[in-house]
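Report on one structure; see the data block that follows.
We name chains A, B, ... by the order of the sequence lines, and we start the count at 1 in each one.
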Amino acid sequence: MLDVKMIRQNQAEMKQRLATRGVDPAEIDHLVELDEARRDQIAVSENLKQKRNEVSKQIATLKRSKGDATDLIAEMREVGAQVKQVDEKLAELNEQVQYIVVRLPNLPDASIPVGPDESANHEERKIGTPREFAFTPKPHWEIGENLDILDFERGAKVAGSRFLFYKGLGAKLERAVYNFMLDEHEKEGYTEMITPYMVNDDSMFGTGQFPKFRADVFSTVTDDKEMTMIPTAEVPLTNYYRGEILDEAQLPVYFTALSPSFRSEAGSAGRDTRGLIRLHQFNKVEMVKYVKPEESFNELEKMTANAENILQKLELPYHVITLSTGDMGFSAAKTYDLEVWIPAQETYREISSCSNCLDFQARRAQIRYRDGEGKVHLLHTLNGSGLAVGRTVAAILENYQNADGSVTVPKVLIPYMRGVEKITK
RNA sequence: GGAGAGUUGGCAGAGUGGUAAUGCAACGGACUCGAAAUCCGUCGAACCGGCUUAUACCGGCGCGCAGGUUCAAAUCCUGUACUCUCCUCCA
(Lines give C-alpha, C1' and ligand atoms only; values in the text may rest on other atoms or scores of the structure.)
Protein backbone atom coordinates (compact mmCIF):
# COMPACT_ATOMS: atom_id res chain seq x y z
CA MET A 1 0.00 0.00 0.00
CA LEU A 2 1.25 3.43 -0.88
CA ASP A 3 1.18 6.39 1.48
CA VAL A 4 -1.74 8.63 0.57
CA LYS A 5 0.04 11.67 1.94
CA MET A 6 2.99 10.95 -0.32
CA ILE A 7 0.71 10.58 -3.32
CA ARG A 8 -0.98 13.86 -2.50
CA GLN A 9 2.34 15.69 -2.26
CA ASN A 10 3.80 14.26 -5.48
CA GLN A 11 0.78 13.87 -7.69
CA ALA A 12 2.38 14.42 -11.07
CA GLU A 13 5.28 12.04 -10.43
CA MET A 14 3.01 9.39 -8.93
CA LYS A 15 0.66 9.48 -11.90
CA GLN A 16 3.54 9.15 -14.32
CA ARG A 17 5.27 6.29 -12.49
CA LEU A 18 2.09 4.35 -11.75
CA ALA A 19 0.99 4.70 -15.35
CA THR A 20 3.91 2.43 -16.27
CA ARG A 21 2.12 -0.21 -14.24
CA GLY A 22 -1.21 0.34 -15.88
CA VAL A 23 -2.81 2.74 -13.41
CA ASP A 24 -5.07 5.33 -15.00
CA PRO A 25 -3.92 8.83 -13.93
CA ALA A 26 -7.57 9.84 -13.53
CA GLU A 27 -7.74 7.37 -10.67
CA ILE A 28 -5.08 9.32 -8.80
CA ASP A 29 -7.00 12.55 -9.38
CA HIS A 30 -10.08 10.90 -7.98
CA LEU A 31 -8.15 9.60 -5.00
CA VAL A 32 -6.73 13.02 -4.20
CA GLU A 33 -10.18 14.59 -4.42
CA LEU A 34 -11.65 12.04 -2.06
CA ASP A 35 -8.75 12.50 0.33
CA GLU A 36 -9.30 16.24 0.32
CA ALA A 37 -12.95 15.74 1.22
CA ARG A 38 -11.95 13.23 3.87
CA ARG A 39 -9.59 15.67 5.56
CA ASP A 40 -12.17 18.43 5.51
CA GLN A 41 -14.60 16.10 7.19
CA ILE A 42 -12.01 15.17 9.81
CA ALA A 43 -11.60 18.83 10.71
CA VAL A 44 -15.37 19.26 11.11
CA SER A 45 -15.67 16.14 13.21
CA GLU A 46 -12.76 17.01 15.45
CA ASN A 47 -14.04 20.52 16.13
CA LEU A 48 -17.36 19.09 17.23
CA LYS A 49 -15.66 16.53 19.42
CA GLN A 50 -13.50 19.17 21.01
CA LYS A 51 -16.63 21.09 21.91
CA ARG A 52 -18.27 17.97 23.24
CA ASN A 53 -15.28 17.21 25.43
CA GLU A 54 -15.20 20.73 26.83
CA VAL A 55 -18.88 20.95 27.64
CA SER A 56 -18.95 17.45 29.03
CA LYS A 57 -16.38 18.54 31.55
CA GLN A 58 -18.62 21.45 32.54
CA ILE A 59 -21.54 19.08 32.91
CA ALA A 60 -19.49 16.81 35.09
CA THR A 61 -18.43 19.72 37.27
CA LEU A 62 -22.00 20.98 37.58
CA LYS A 63 -23.30 17.54 38.48
CA ARG A 64 -20.67 17.12 41.14
CA SER A 65 -21.68 20.42 42.74
CA LYS A 66 -25.35 19.44 42.41
CA GLY A 67 -25.94 22.22 39.84
CA ASP A 68 -28.46 22.17 37.06
CA ALA A 69 -27.09 21.08 33.68
CA THR A 70 -30.35 20.60 31.84
CA ASP A 71 -29.64 23.29 29.24
CA LEU A 72 -26.14 22.09 28.53
CA ILE A 73 -27.30 18.53 28.16
CA ALA A 74 -29.95 19.59 25.70
CA GLU A 75 -27.35 21.50 23.73
CA MET A 76 -25.00 18.55 23.73
CA ARG A 77 -27.69 16.24 22.54
CA GLU A 78 -27.68 18.25 19.33
CA VAL A 79 -23.87 18.15 19.10
CA GLY A 80 -23.89 14.40 19.64
CA ALA A 81 -26.31 13.95 16.75
CA GLN A 82 -24.10 16.08 14.52
CA VAL A 83 -21.01 14.11 15.43
CA LYS A 84 -22.78 10.93 14.53
CA GLN A 85 -23.83 12.28 11.18
CA VAL A 86 -20.41 13.72 10.35
CA ASP A 87 -18.66 10.52 11.36
CA GLU A 88 -20.91 8.45 9.16
CA LYS A 89 -20.00 10.61 6.21
CA LEU A 90 -16.34 10.38 7.21
CA ALA A 91 -16.47 6.60 7.40
CA GLU A 92 -17.91 6.55 3.92
CA LEU A 93 -15.13 8.74 2.56
CA ASN A 94 -12.54 6.64 4.34
CA GLU A 95 -13.91 3.58 2.71
CA GLN A 96 -13.80 5.16 -0.71
CA VAL A 97 -10.22 6.29 -0.24
CA GLN A 98 -9.23 2.86 1.04
CA TYR A 99 -10.99 1.12 -1.80
CA ILE A 100 -8.70 2.82 -4.26
CA VAL A 101 -5.47 2.88 -2.31
CA VAL A 102 -5.43 -0.81 -1.36
CA ARG A 103 -5.75 -1.69 -5.03
CA LEU A 104 -2.87 0.48 -6.26
CA PRO A 105 0.29 -1.50 -7.04
CA ASN A 106 3.66 -0.61 -5.61
CA LEU A 107 5.71 2.15 -7.15
CA PRO A 108 8.25 0.69 -9.58
CA ASP A 109 11.84 1.42 -8.70
CA ALA A 110 13.60 3.88 -10.99
CA SER A 111 16.21 1.28 -11.93
CA ILE A 112 13.87 -1.12 -13.69
CA PRO A 113 12.97 -1.20 -17.38
CA VAL A 114 9.71 0.47 -18.38
CA GLY A 115 7.51 -1.59 -20.63
CA PRO A 116 4.08 -3.14 -21.07
CA ASP A 117 4.97 -6.80 -20.39
CA GLU A 118 7.71 -9.43 -20.30
CA SER A 119 9.06 -8.30 -23.66
CA ALA A 120 10.64 -5.33 -21.85
CA ASN A 121 12.39 -7.44 -19.23
CA HIS A 122 16.14 -7.05 -19.06
CA GLU A 123 18.61 -9.92 -18.90
CA GLU A 124 21.25 -9.23 -16.27
CA ARG A 125 23.49 -12.28 -16.65
CA LYS A 126 23.52 -15.77 -18.01
CA ILE A 127 25.23 -18.49 -16.00
CA GLY A 128 26.15 -21.95 -17.22
CA THR A 129 25.92 -23.38 -20.71
CA PRO A 130 23.01 -25.55 -21.82
CA ARG A 131 24.25 -29.05 -22.43
CA GLU A 132 24.51 -30.46 -25.95
CA PHE A 133 22.44 -33.62 -26.21
CA ALA A 134 23.52 -36.46 -28.48
CA PHE A 135 19.87 -37.51 -28.52
CA THR A 136 16.56 -35.69 -28.44
CA PRO A 137 15.94 -34.73 -24.82
CA LYS A 138 12.60 -35.83 -23.47
CA PRO A 139 10.28 -33.60 -21.48
CA HIS A 140 10.49 -34.25 -17.75
CA TRP A 141 7.00 -35.73 -17.48
CA GLU A 142 7.91 -38.43 -19.94
CA ILE A 143 11.12 -39.15 -18.10
CA GLY A 144 9.28 -39.26 -14.79
CA GLU A 145 6.49 -41.48 -16.04
CA ASN A 146 8.89 -43.87 -17.75
CA LEU A 147 10.89 -44.20 -14.55
CA ASP A 148 7.65 -44.59 -12.53
CA ILE A 149 8.63 -41.76 -10.22
CA LEU A 150 5.94 -39.23 -11.26
CA ASP A 151 2.29 -40.19 -11.63
CA PHE A 152 0.13 -37.50 -13.16
CA GLU A 153 -2.73 -39.77 -14.14
CA ARG A 154 -3.39 -40.89 -10.62
CA GLY A 155 -2.99 -37.32 -9.43
CA ALA A 156 -5.77 -36.32 -11.81
CA LYS A 157 -7.94 -39.23 -10.70
CA VAL A 158 -7.53 -38.55 -6.99
CA ALA A 159 -7.57 -34.76 -7.02
CA GLY A 160 -7.89 -33.34 -10.52
CA SER A 161 -5.77 -31.93 -13.29
CA ARG A 162 -2.61 -30.12 -12.20
CA PHE A 163 -2.07 -32.53 -9.30
CA LEU A 164 0.33 -35.45 -9.14
CA PHE A 165 1.92 -38.13 -7.04
CA TYR A 166 5.67 -38.32 -6.64
CA LYS A 167 6.61 -41.96 -6.16
CA GLY A 168 9.63 -43.82 -4.82
CA LEU A 169 12.86 -42.15 -5.89
CA GLY A 170 10.77 -39.29 -7.31
CA ALA A 171 9.50 -38.49 -3.84
CA LYS A 172 12.99 -38.96 -2.50
CA LEU A 173 14.39 -36.58 -5.10
CA GLU A 174 11.85 -33.91 -4.22
CA ARG A 175 12.74 -34.30 -0.55
CA ALA A 176 16.46 -34.25 -1.32
CA VAL A 177 16.05 -31.02 -3.26
CA TYR A 178 14.23 -29.12 -0.56
CA ASN A 179 16.38 -30.44 2.25
CA PHE A 180 19.44 -29.31 0.31
CA MET A 181 17.91 -25.87 -0.21
CA LEU A 182 16.95 -25.45 3.44
CA ASP A 183 20.42 -26.48 4.57
CA GLU A 184 22.04 -23.95 2.23
CA HIS A 185 19.80 -21.14 3.46
CA GLU A 186 20.45 -22.06 7.03
CA LYS A 187 24.18 -21.60 6.35
CA GLU A 188 23.37 -18.17 4.91
CA GLY A 189 21.75 -17.06 8.15
CA TYR A 190 18.07 -17.78 7.53
CA THR A 191 15.99 -19.15 10.37
CA GLU A 192 14.00 -22.16 9.25
CA MET A 193 10.29 -22.02 9.90
CA ILE A 194 7.31 -24.29 9.47
CA THR A 195 4.28 -22.08 8.94
CA PRO A 196 0.53 -22.44 8.87
CA TYR A 197 -0.60 -23.50 5.41
CA MET A 198 -3.96 -21.81 5.81
CA VAL A 199 -4.24 -18.15 6.72
CA ASN A 200 -6.87 -15.52 7.44
CA ASP A 201 -7.90 -12.55 5.32
CA ASP A 202 -5.80 -10.07 7.28
CA SER A 203 -2.69 -12.01 6.32
CA MET A 204 -3.70 -12.17 2.69
CA PHE A 205 -4.26 -8.43 2.80
CA GLY A 206 -0.94 -7.77 4.51
CA THR A 207 1.17 -9.19 1.72
CA GLY A 208 -1.03 -7.74 -1.02
CA GLN A 209 -2.91 -10.74 -2.42
CA PHE A 210 -6.23 -9.47 -1.11
CA PRO A 211 -8.52 -7.82 -1.99
CA LYS A 212 -7.46 -7.68 -5.62
CA PHE A 213 -6.43 -11.27 -6.32
CA ARG A 214 -9.03 -13.42 -4.60
CA ALA A 215 -9.62 -15.36 -7.80
CA ASP A 216 -6.10 -16.78 -7.66
CA VAL A 217 -6.47 -18.73 -4.45
CA PHE A 218 -8.10 -21.78 -2.95
CA SER A 219 -10.11 -21.21 0.17
CA THR A 220 -11.92 -23.37 2.67
CA VAL A 221 -15.09 -22.65 4.57
CA THR A 222 -15.79 -24.41 7.85
CA ASP A 223 -18.60 -23.28 10.13
CA ASP A 224 -18.84 -20.03 8.15
CA LYS A 225 -15.17 -19.33 8.80
CA GLU A 226 -13.20 -18.81 5.65
CA MET A 227 -9.49 -19.52 5.37
CA THR A 228 -7.14 -19.34 2.45
CA MET A 229 -4.66 -22.03 1.43
CA ILE A 230 -1.37 -20.18 1.16
CA PRO A 231 -0.30 -19.39 -2.41
CA THR A 232 3.27 -19.02 -1.08
CA ALA A 233 5.01 -19.16 2.30
CA GLU A 234 5.72 -15.47 1.77
CA VAL A 235 2.27 -14.87 3.26
CA PRO A 236 2.75 -16.50 6.68
CA LEU A 237 6.43 -15.54 6.87
CA THR A 238 5.80 -11.87 6.16
CA ASN A 239 2.73 -11.71 8.38
CA TYR A 240 4.67 -13.29 11.24
CA TYR A 241 5.43 -9.80 12.56
CA ARG A 242 2.20 -8.18 11.40
CA GLY A 243 1.12 -5.38 13.72
CA GLU A 244 4.37 -5.45 15.65
CA ILE A 245 7.12 -2.95 16.36
CA LEU A 246 10.57 -4.56 16.30
CA ASP A 247 13.72 -3.21 17.87
CA GLU A 248 16.26 -1.90 15.41
CA ALA A 249 18.76 -4.35 16.91
CA GLN A 250 16.62 -7.28 15.77
CA LEU A 251 17.05 -6.34 12.11
CA PRO A 252 17.66 -7.79 9.67
CA VAL A 253 15.47 -10.86 10.17
CA TYR A 254 15.90 -13.72 7.69
CA PHE A 255 13.33 -16.52 7.48
CA THR A 256 13.15 -19.53 5.23
CA ALA A 257 10.45 -22.17 4.97
CA LEU A 258 9.47 -25.11 2.87
CA SER A 259 5.75 -25.18 2.20
CA PRO A 260 3.25 -26.28 -0.34
CA SER A 261 1.84 -23.45 -2.43
CA PHE A 262 -1.74 -23.60 -3.63
CA ARG A 263 -2.81 -21.70 -6.70
CA SER A 264 -6.06 -21.80 -8.61
CA GLU A 265 -4.29 -20.88 -11.88
CA ALA A 266 -7.47 -19.17 -12.99
CA GLY A 267 -6.81 -17.63 -16.34
CA SER A 268 -3.99 -19.97 -17.32
CA ALA A 269 -6.15 -22.70 -18.80
CA GLY A 270 -4.35 -24.52 -21.58
CA ARG A 271 -0.88 -23.30 -20.56
CA ASP A 272 1.69 -25.81 -19.29
CA THR A 273 -0.98 -28.45 -18.95
CA ARG A 274 1.57 -31.22 -18.62
CA GLY A 275 4.33 -31.77 -16.13
CA LEU A 276 5.57 -30.03 -13.05
CA ILE A 277 5.62 -26.47 -14.34
CA ARG A 278 2.15 -25.30 -13.46
CA LEU A 279 0.32 -27.12 -10.66
CA HIS A 280 -2.42 -26.35 -8.19
CA GLN A 281 -0.12 -27.56 -5.42
CA PHE A 282 3.65 -27.41 -5.46
CA ASN A 283 6.43 -27.24 -2.93
CA LYS A 284 8.55 -24.15 -2.62
CA VAL A 285 11.35 -23.07 -0.35
CA GLU A 286 10.77 -19.41 0.38
CA MET A 287 13.06 -16.71 1.77
CA VAL A 288 11.70 -13.64 3.53
CA LYS A 289 13.61 -10.70 4.99
CA TYR A 290 12.69 -7.81 7.24
CA VAL A 291 15.28 -5.05 6.88
CA LYS A 292 15.98 -1.40 7.53
CA PRO A 293 14.94 0.78 4.57
CA GLU A 294 18.44 1.89 3.66
CA GLU A 295 19.54 -1.72 3.31
CA SER A 296 16.75 -3.23 1.27
CA PHE A 297 18.28 -2.97 -2.19
CA ASN A 298 21.56 -4.44 -1.02
CA GLU A 299 19.59 -7.21 0.68
CA LEU A 300 17.77 -7.92 -2.57
CA GLU A 301 21.10 -8.55 -4.30
CA LYS A 302 22.13 -10.89 -1.49
CA MET A 303 18.84 -12.77 -1.56
CA THR A 304 19.06 -13.21 -5.31
CA ALA A 305 22.59 -14.54 -4.86
CA ASN A 306 21.24 -17.02 -2.30
CA ALA A 307 18.76 -18.33 -4.85
CA GLU A 308 21.43 -18.42 -7.57
CA ASN A 309 23.72 -20.38 -5.27
CA ILE A 310 21.25 -23.27 -5.34
CA LEU A 311 21.21 -23.39 -9.13
CA GLN A 312 24.96 -23.10 -9.30
CA LYS A 313 25.52 -25.96 -6.87
CA LEU A 314 23.02 -28.06 -8.80
CA GLU A 315 24.92 -27.08 -11.95
CA LEU A 316 21.79 -26.00 -13.76
CA PRO A 317 22.10 -23.31 -16.47
CA TYR A 318 20.03 -20.20 -15.78
CA HIS A 319 19.81 -16.52 -16.37
CA VAL A 320 18.74 -13.59 -14.24
CA ILE A 321 16.31 -11.03 -15.54
CA THR A 322 14.98 -7.78 -14.15
CA LEU A 323 11.25 -7.58 -14.57
CA SER A 324 9.84 -4.57 -16.36
CA THR A 325 7.17 -2.32 -14.90
CA GLY A 326 4.48 -4.20 -16.80
CA ASP A 327 5.54 -7.70 -15.76
CA MET A 328 6.17 -7.14 -12.07
CA GLY A 329 3.94 -8.39 -9.26
CA PHE A 330 1.56 -6.13 -7.37
CA SER A 331 3.59 -5.65 -4.18
CA ALA A 332 7.07 -5.41 -5.67
CA ALA A 333 9.15 -2.34 -6.45
CA LYS A 334 11.91 -4.36 -8.04
CA THR A 335 12.03 -8.03 -8.98
CA TYR A 336 14.71 -10.35 -10.29
CA ASP A 337 13.47 -13.56 -11.83
CA LEU A 338 15.75 -16.56 -12.13
CA GLU A 339 14.91 -18.72 -15.10
CA VAL A 340 16.34 -22.21 -15.45
CA TRP A 341 17.11 -23.95 -18.71
CA ILE A 342 14.48 -26.51 -19.75
CA PRO A 343 16.04 -28.56 -22.58
CA ALA A 344 12.86 -30.11 -24.00
CA GLN A 345 11.34 -26.67 -24.43
CA GLU A 346 14.68 -25.14 -25.42
CA THR A 347 13.92 -22.18 -23.23
CA TYR A 348 14.43 -20.68 -19.80
CA ARG A 349 11.53 -21.02 -17.36
CA GLU A 350 10.96 -19.10 -14.15
CA ILE A 351 12.19 -20.95 -11.08
CA SER A 352 12.61 -18.09 -8.63
CA SER A 353 11.38 -14.57 -8.15
CA CYS A 354 13.12 -12.26 -5.69
CA SER A 355 11.44 -8.97 -4.84
CA ASN A 356 12.03 -5.88 -2.81
CA CYS A 357 8.63 -4.62 -1.65
CA LEU A 358 10.02 -1.56 0.16
CA ASP A 359 7.46 -0.46 2.76
CA PHE A 360 4.47 -1.51 0.64
CA GLN A 361 3.70 -4.66 2.61
CA ALA A 362 4.93 -3.17 5.86
CA ARG A 363 2.36 -0.38 5.57
CA ARG A 364 -0.43 -2.84 4.84
CA ALA A 365 0.60 -5.15 7.64
CA GLN A 366 1.81 -2.40 10.00
CA ILE A 367 5.25 -3.89 10.55
CA ARG A 368 7.60 -1.33 12.05
CA TYR A 369 10.81 -0.90 13.98
CA ARG A 370 11.98 1.51 16.64
CA ASP A 371 15.28 3.24 15.99
CA GLY A 372 17.94 4.25 18.50
CA GLU A 373 16.10 7.49 19.25
CA GLY A 374 12.87 5.67 19.95
CA LYS A 375 11.23 6.78 16.73
CA VAL A 376 9.04 4.33 14.88
CA HIS A 377 9.41 3.65 11.16
CA LEU A 378 8.01 1.21 8.66
CA LEU A 379 10.59 -1.39 7.71
CA HIS A 380 11.15 -2.99 4.32
CA THR A 381 10.22 -6.54 3.37
CA LEU A 382 11.69 -8.81 0.72
CA ASN A 383 10.73 -12.22 -0.48
CA GLY A 384 12.15 -14.70 -2.90
CA SER A 385 11.89 -18.32 -3.86
CA GLY A 386 14.89 -20.34 -3.06
CA LEU A 387 13.64 -22.21 -5.12
CA ALA A 388 10.41 -23.61 -6.52
CA VAL A 389 11.01 -27.27 -5.73
CA GLY A 390 8.84 -28.93 -8.39
CA ARG A 391 10.34 -26.87 -11.17
CA THR A 392 13.80 -27.68 -9.84
CA VAL A 393 12.99 -31.38 -10.04
CA ALA A 394 11.74 -30.84 -13.59
CA ALA A 395 14.98 -29.07 -14.50
CA ILE A 396 17.08 -31.86 -12.95
CA LEU A 397 15.18 -34.59 -14.76
CA GLU A 398 15.59 -32.86 -18.10
CA ASN A 399 19.13 -31.55 -17.78
CA TYR A 400 20.50 -34.71 -16.20
CA GLN A 401 18.71 -37.25 -18.39
CA ASN A 402 20.65 -39.96 -20.19
CA ALA A 403 20.05 -41.65 -23.52
CA ASP A 404 18.82 -44.82 -21.82
CA GLY A 405 16.09 -42.93 -19.95
CA SER A 406 17.89 -42.85 -16.63
CA VAL A 407 18.68 -39.66 -14.72
CA THR A 408 21.99 -38.91 -13.07
CA VAL A 409 21.65 -37.40 -9.60
CA PRO A 410 23.42 -34.03 -9.24
CA LYS A 411 26.54 -34.42 -7.06
CA VAL A 412 25.37 -32.21 -4.21
CA LEU A 413 22.17 -34.24 -3.87
CA ILE A 414 23.75 -37.68 -3.63
CA PRO A 415 24.15 -37.50 0.17
CA TYR A 416 20.52 -36.39 0.38
CA MET A 417 19.57 -39.43 -1.74
CA ARG A 418 21.25 -41.86 0.65
CA GLY A 419 23.97 -42.46 -1.92
CA VAL A 420 21.77 -43.05 -4.95
CA GLU A 421 23.77 -41.75 -7.92
CA LYS A 422 21.42 -42.56 -10.74
CA ILE A 423 17.68 -43.03 -11.04
CA THR A 424 16.93 -45.99 -13.29
CA LYS A 425 13.93 -48.06 -14.07
C1' G B 1 -18.18 -29.46 20.91
C1' G B 2 -19.62 -27.88 26.47
C1' A B 3 -18.58 -24.68 30.98
C1' G B 4 -15.92 -20.78 33.24
C1' A B 5 -12.14 -16.76 33.69
C1' G B 6 -9.42 -13.11 31.35
C1' U B 7 -7.46 -9.10 27.58
C1' U B 8 -5.76 -1.49 30.41
C1' G B 9 0.86 2.16 28.56
C1' G B 10 7.76 -1.07 27.66
C1' C B 11 6.37 -4.22 32.29
C1' A B 12 3.36 -4.78 36.76
C1' G B 13 -1.31 -3.13 38.23
C1' A B 14 -5.91 0.01 40.06
C1' G B 15 -10.19 1.87 38.12
C1' U B 16 -18.38 -0.49 37.34
C1' G B 17 -20.96 5.99 33.91
C1' G B 18 -18.12 12.25 34.67
C1' U B 19 -13.37 11.63 30.77
C1' A B 20 -7.09 6.54 32.40
C1' A B 21 -4.34 5.98 39.83
C1' U B 22 0.17 4.03 41.46
C1' G B 23 4.81 1.33 41.13
C1' C B 24 8.94 -0.26 38.07
C1' A B 25 11.44 0.92 33.70
C1' A B 26 12.91 5.02 30.37
C1' C B 27 14.63 10.10 29.53
C1' G B 28 16.68 15.02 31.40
C1' G B 29 18.99 17.46 35.55
C1' A B 30 21.31 17.92 40.57
C1' C B 31 24.93 15.58 43.72
C1' U B 32 29.86 12.79 42.41
C1' C B 33 36.59 12.49 40.01
C1' G B 34 33.19 8.88 37.86
C1' A B 35 29.40 5.49 39.04
C1' A B 36 25.76 3.52 42.39
C1' A B 37 22.33 5.29 45.77
C1' U B 38 19.42 9.59 46.64
C1' C B 39 16.78 13.97 45.21
C1' C B 40 14.23 17.13 41.44
C1' G B 41 11.83 17.12 36.85
C1' U B 42 9.85 14.95 32.21
C1' C B 43 7.45 11.26 29.61
C1' G B 44 2.29 7.03 29.24
C1' A B 45 2.56 3.42 23.06
C1' A B 46 1.16 4.00 18.16
C1' C B 47 -2.07 6.67 14.90
C1' C B 48 -4.89 10.93 12.55
C1' G B 49 -5.91 16.27 11.53
C1' G B 50 -4.32 21.50 11.76
C1' C B 51 -0.09 24.86 11.72
C1' U B 52 4.99 24.37 10.30
C1' U B 53 11.19 23.84 6.22
C1' A B 54 11.24 20.84 10.52
C1' U B 55 10.61 20.79 15.60
C1' A B 56 7.40 22.87 18.93
C1' C B 57 2.45 23.60 19.64
C1' C B 58 -3.11 22.86 19.36
C1' G B 59 -6.78 19.25 18.75
C1' G B 60 -8.71 14.37 17.88
C1' C B 61 -8.23 9.29 18.81
C1' G B 62 -6.76 5.85 22.29
C1' C B 63 -8.45 0.45 27.96
C1' G B 64 -8.27 -6.84 22.39
C1' C B 65 -11.59 -5.65 17.88
C1' A B 66 -16.48 -3.95 15.82
C1' G B 67 -21.12 -1.93 16.73
C1' G B 68 -25.01 0.05 20.20
C1' U B 69 -27.11 2.98 24.45
C1' U B 70 -25.94 7.99 26.69
C1' C B 71 -25.08 14.98 27.14
C1' A B 72 -20.86 11.77 28.58
C1' A B 73 -18.43 4.71 28.08
C1' A B 74 -12.26 1.41 30.19
C1' U B 75 -16.99 1.15 33.00
C1' C B 76 -23.63 -0.60 30.60
C1' C B 77 -25.58 -3.73 26.13
C1' U B 78 -24.68 -6.86 21.55
C1' G B 79 -21.40 -9.36 18.42
C1' U B 80 -16.48 -11.09 17.67
C1' A B 81 -11.01 -12.50 18.08
C1' C B 82 -7.43 -14.37 21.08
C1' U B 83 -5.39 -16.43 25.82
C1' C B 84 -5.95 -19.55 30.17
C1' U B 85 -8.56 -23.51 33.22
C1' C B 86 -11.85 -27.79 33.42
C1' C B 87 -14.79 -31.47 30.67
C1' U B 88 -15.25 -33.96 25.88
C1' C B 89 -12.55 -35.47 21.61
C1' C B 90 -7.99 -36.27 19.26
C1' A B 91 -2.42 -36.88 16.49
[X] [atom1] - [N] [atom2] separation (whole Å):
{"X": "A:Leu62", "N": "B:A72", "atom1": "CG", "atom2": "P", "value": "16 Å"}
{"X": "A:Leu72", "N": "B:U70", "atom1": "CG", "atom2": "P", "value": "19 Å"}
{"X": "A:Ile59", "N": "B:A72", "atom1": "CD1", "atom2": "C1'", "value": "7 Å"}
{"X": "A:Asn94", "N": "B:A66", "atom1": "CG", "atom2": "C1'", "value": "15 Å"}
{"X": "A:Glu78", "N": "B:A72", "atom1": "CD", "atom2": "P", "value": "12 Å"}
{"X": "A:Asp87", "N": "B:A66", "atom1": "CG", "atom2": "P", "value": "13 Å"}
{"X": "A:Asn239", "N": "B:C82", "atom1": "CG", "atom2": "P", "value": "16 Å"}

When rounded to the nearest Å, what value does the distance between [atom1] atoms of [N] and [M] take?
{"N": "B:G64", "M": "B:A74", "atom1": "P", "value": "10 Å"}
{"N": "B:C63", "M": "B:G17", "atom1": "C1'", "value": "15 Å"}
{"N": "B:G28", "M": "B:U22", "atom1": "P", "value": "23 Å"}
{"N": "B:A66", "M": "B:G2", "atom1": "C1'", "value": "26 Å"}
{"N": "B:A12", "M": "B:A5", "atom1": "P", "value": "22 Å"}
{"N": "B:G9", "M": "B:G15", "atom1": "P", "value": "16 Å"}
{"N": "B:C57", "M": "B:U70", "atom1": "P", "value": "38 Å"}
{"N": "B:U32", "M": "B:A25", "atom1": "P", "value": "23 Å"}

### Message
I'd like to know whether CD of A:Glu124 has more than 12 heavy-atom contacts from other residues, nucleotides or ligands below 6.0 angstrom.
### Response
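Yes, the 6.0 Å shell around CD holds more than 12 heavy atoms from other groups.
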### Message
Quick check on B:U19: is either OP1 or OP2 less than 4.0 Å from any side-chain nitrogen or oxygen of A:Lys63?
### Response
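Checking A:Lys63 against B:U19: no side-chain N or O falls below 4.0 Å of OP1 or OP2.
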Please determine if [X] and [Y] form a salt bridge, counting it only when a charged side-chain N lies under 4.0 Å from a carboxylate O.
{"X": "A:Asp371", "Y": "A:Lys375", "answer": "no"}
{"X": "A:Asp148", "Y": "A:Lys425", "answer": "no"}
{"X": "A:Glu299", "Y": "A:Lys289", "answer": "yes"}
{"X": "A:Arg364", "Y": "A:Asp359", "answer": "no"}

### Query
Where each pair must be Watson-Crick or G-U wobble with both distances under 3.5 Å, what dot-bracket representation of RNA chain B is obtained, with crossing pairs in [ ] and other-strand partners as |?
((((((((.[[[..)..(...]]].(((((.......)))))....((((......))))...[[[[[..)....]]]]])))))))....
With no hydrogens and no angle check, just 3.5 Å: does a side-chain donor-acceptor pair link [X] and [Y]?
{"X": "A:Tyr190", "Y": "A:Asn306", "answer": "yes"}
{"X": "A:Tyr318", "Y": "A:Gln312", "answer": "yes"}
{"X": "A:Glu188", "Y": "A:His185", "answer": "yes"}

### Query
Is there any salt bridge (Lys or Arg N to Asp or Glu O under 4.0 Å) pair reaching into residues 237-262 of chain A, and which pairs are they, with sequence neighbours excluded?
A:Glu248-A:Lys292
### Summary
5' to 3', nucleotides 42-63 of chain B under a 4.0 Å protein heavy-atom cut-off (B base, S sugar-phosphate only, - none) gives ---SSSBBS--------BSS--
### Message
Within 45 degrees of the ring normal and closer than 6.0 Å to the centroid, is that where the cationic atom of A:Arg175 sits relative to A:Tyr416?
### Response
no
